[in-house]
Amino acid sequence: SITGKLLVTIPANQWENMVWPLLKNWNLKNRPPLEESELRSVFESIIKKPTEDLKDTTEEGKGTQTQDLIALVKEKNIELFHDQYNEAHAMFKDNFKIIKLSSKSFSRWLSSIAWKEMKTPLNQSILTSVINVLSGEACFGGEMRKLHVRVAWHEGCIWYDLGDGRAVRISKDAWEIVENPPILFYRFNHQKPQTHPQKGGDVSKLLEFLNIKDRNEQLLFLVAVICCLIPDIAHPILVSHGPQGSAKSMLHKLLKNLID
């Protein structure tokens, strides 16, 4: 459990001051929360567990490096939080980039700032300890923030992530680019920033690059493309057919490039 990982990472003399408040804060988010007396009983049973994995096994110097790096991370302009699946994340507030704490990207970022600002390489033990502490704070002390991928519904509008911190707000009447959208988007490594849309576009111009002659099938294709960008609905599966050399592969390549 995250509680166990925190107890392994944090020295025993700090369990009461650090781990217990985080655990109480996490409990308040449960529905219904445990009675504090019951929660305290569970906490005390864990800290008394006579197993090696809950002992303070930090080597000389490790505790200092771990604590220094945690303090350094907290000085950065980031927010620790957990998502709707209780996964721990860090949001970099300067560009709204979100990184999962358990990812290689976050480990590399920690190693980078440790080398740049502490002039020391990190061993795996210290890296794991720092990530465990920050994950505990994100899950027990941080806010729950719902994450979306590329598109989302919010307040009756569709929001489309442009991948650079901005998003397009699409209502039934119009669309606009919003600098600081009110929702958060998670971006996978393969997702790239999108081209900013321009007014006066015409989706039917896509057909100029495709070998679709039947007007009904042209309409079906355009509807399928638009449906791909509508969240929380059952999406159609596009099946193309035709002889060899009829540009079926080109159709799907264009669609993939267009909608990620």
Side-chain angles (χ1 to χ4, degrees), residues 83-85 87 89-92 94-109 145-260:
D83 64 15
Q84 62 268 40
Y85 306 110
E87 292 283 350
H89 299 269
M91 179 175 68
F92 293 75
D94 54 345
N95 59 6
F96 295 97
K97 184 176 182 180
I98 295 171
I99 302 180
K100 187 181 294 187
L101 298 194
S102 61
S103 68
K104 289 183 180 179
S105 295
F106 191 72
S107 296
R108 291 167 182 159
W109 179 75
R145 292 181 172 270
K146 189 174 182 180
L147 294 181
H148 308 274
V149 177
R150 188 58 78 189
V151 290
W153 282 107
H154 181 68
E155 295 181 348
C157 297
I158 293 177
W159 291 78
Y160 181 80
D161 177 32
L162 291 175
D164 60 359
R166 289 173 282 189
V168 182
R169 177 184 178 272
I170 307 166
S171 69
K172 64 179 181 179
D173 300 316
W175 62 266
E176 62 176 334
I177 296 177
V178 178
E179 293 289 331
N180 297 305
I183 56 179
L184 296 180
F185 290 96
Y186 183 81
R187 302 174 190 111
F188 293 94
N189 290 334
H190 72 276
Q191 290 179 301
K192 306 300 180 184
Q194 300 294 284
T195 300
H196 285 198
Q198 303 294 322
K199 298 288 186 179
D202 183 358
V203 69
S204 66
K205 290 187 177 295
L206 284 174
L207 299 172
E208 297 176 6
F209 301 94
L210 302 173
N211 185 25
I212 304 177
K213 304 302 182 184
D214 185 87
R215 293 187 62 83
N216 289 331
E217 291 185 351
Q218 289 177 351
L219 178 60
L220 184 63
F221 173 77
L222 294 177
V223 171
V225 170
I226 294 171
C227 283
C228 288
L229 301 175
I230 300 176
D232 304 326
I233 66 169
H235 294 92
I237 299 174
L238 192 64
V239 179
S240 59
H241 61 87
Q244 184 176 357
S246 58
K248 298 186 299 296
S249 298
M250 179 62 185
L251 182 149
H252 290 279
K253 182 178 180 180
L254 177 66
L255 184 61
K256 180 177 182 295
N257 289 339
L258 185 65
I259 62 172
D260 272 352

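Owing to the predicted nature of the structure, the values given are computational and were not obtained by experimental measurement.
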Counting C-beta onward and ignoring hydrogens, is there a side-chain heavy-atom pair between Leu251 and Ile212 closer than 4.5 Å? yes
side-chain contact (heavy atoms from CB on, under 4.5 Å), that's the test. Do Asp161 and Arg187 meet it? Break it down for me. CA-CA 9 Å; Asp161 177 32; Arg187 302 174 190 111; 2.8 Å; yes
Side chains of Leu162 and Pro197 in contact at under 4.5 Å (non-hydrogen atoms): yes
Not counting sequence neighbours, list each pair that qualifies as a side-chain hydrogen bond (donor to acceptor under 3.5 Å, both in side chains) and has a residue in residues 203-220. Asp202-Ser204
Is a donor on one side and an acceptor on the other found under 3.5 Å between the side chain of Gln194 and the backbone of Lys192? yes
Contact between Val168 and Val178 at the side-chain level, heavy atoms closer than 4.5 Å - yes or no? no
Is the backbone of Glu87 close enough, under 3.5 Å, to the side chain of Lys100 for a donor and an acceptor to pair up by distance? no
Assess whether side-chain contact (heavy atoms from CB on, under 4.5 Å) is satisfied between Leu184 and His148, documenting all intermediate values. CA-CA 6 Å; Leu184 296 180; His148 308 274; 5.9 Å; no
Can you name the closest pair of heavy atoms from Arg169 and Cys157 and give their distance? NH2-SG, 3.4 Å
Is the ring pair Phe188/His190 parallel, tilted or perpendicular, if the boundaries are 30 and 60 degrees? parallel
How far apart are the closest heavy atoms of Gln84 and Leu147, and which atoms are they? OE1-N, 3.0 Å
Flag side-chain contact, heavy atom, 4.5 Å: Leu255 against Val225: yes
Can you find a heavy atom in the side chain of His252 that is under 4.5 Å from one in the side chain of Lys256? no
Trp175 ring centre to Lys199 NZ or CZ under 6.0 Å, with the angle to the axis within 45°? yes
Please say whether more than 12 non-hydrogen atoms of neighbouring residues, nucleotides or ligands are located less than 6.0 Å from NZ in Lys97. no
Which distance, rounded to the nearest 0.5 Å, do you find between the CZ of Arg108 and the OG of Ser103? 8.5 Å
Chi angles and distances behind the side-chain contact (heavy atoms from CB on, under 4.5 Å) call for Ile183, Trp159: CA-CA 9 Å; Ile183 56 179; Trp159 291 78; 3.8 Å; yes
Do Ile99 and Phe92 come within less than 4.5 Å of each other through their side chains, counting heavy atoms only? yes
To the nearest 0.5 Å, what is the distance between CD (Glu155) and CD1 (Ile158)? 14.0 Å
What one should report as the nearest heavy-atom pair of Leu258 and Tyr160 is O-OH, 4.5 Å
If the condition is ring pair (Phe, Tyr, Trp, His ring centres under 6.0 Å), which residues does Phe209 pass it with, not counting sequence neighbours? none
Phe185 ring centre to Arg150 NZ or CZ under 6.0 Å, with the angle to the axis within 45°? no
Asp83 and His89: side chain donor to acceptor below 3.5 Å: yes
Any idea which heavy atoms bring Pro243 and Lys248 closest together, and the distance? O-NZ, 3.2 Å
Atom of His235, atom of Cys227 and distance for their closest heavy-atom approach: CD2-O, 2.8 Å
With side chains defined as the heavy atoms from C-beta onward, is the minimum distance between Leu222 and Leu207 less than 4.5 Å? yes
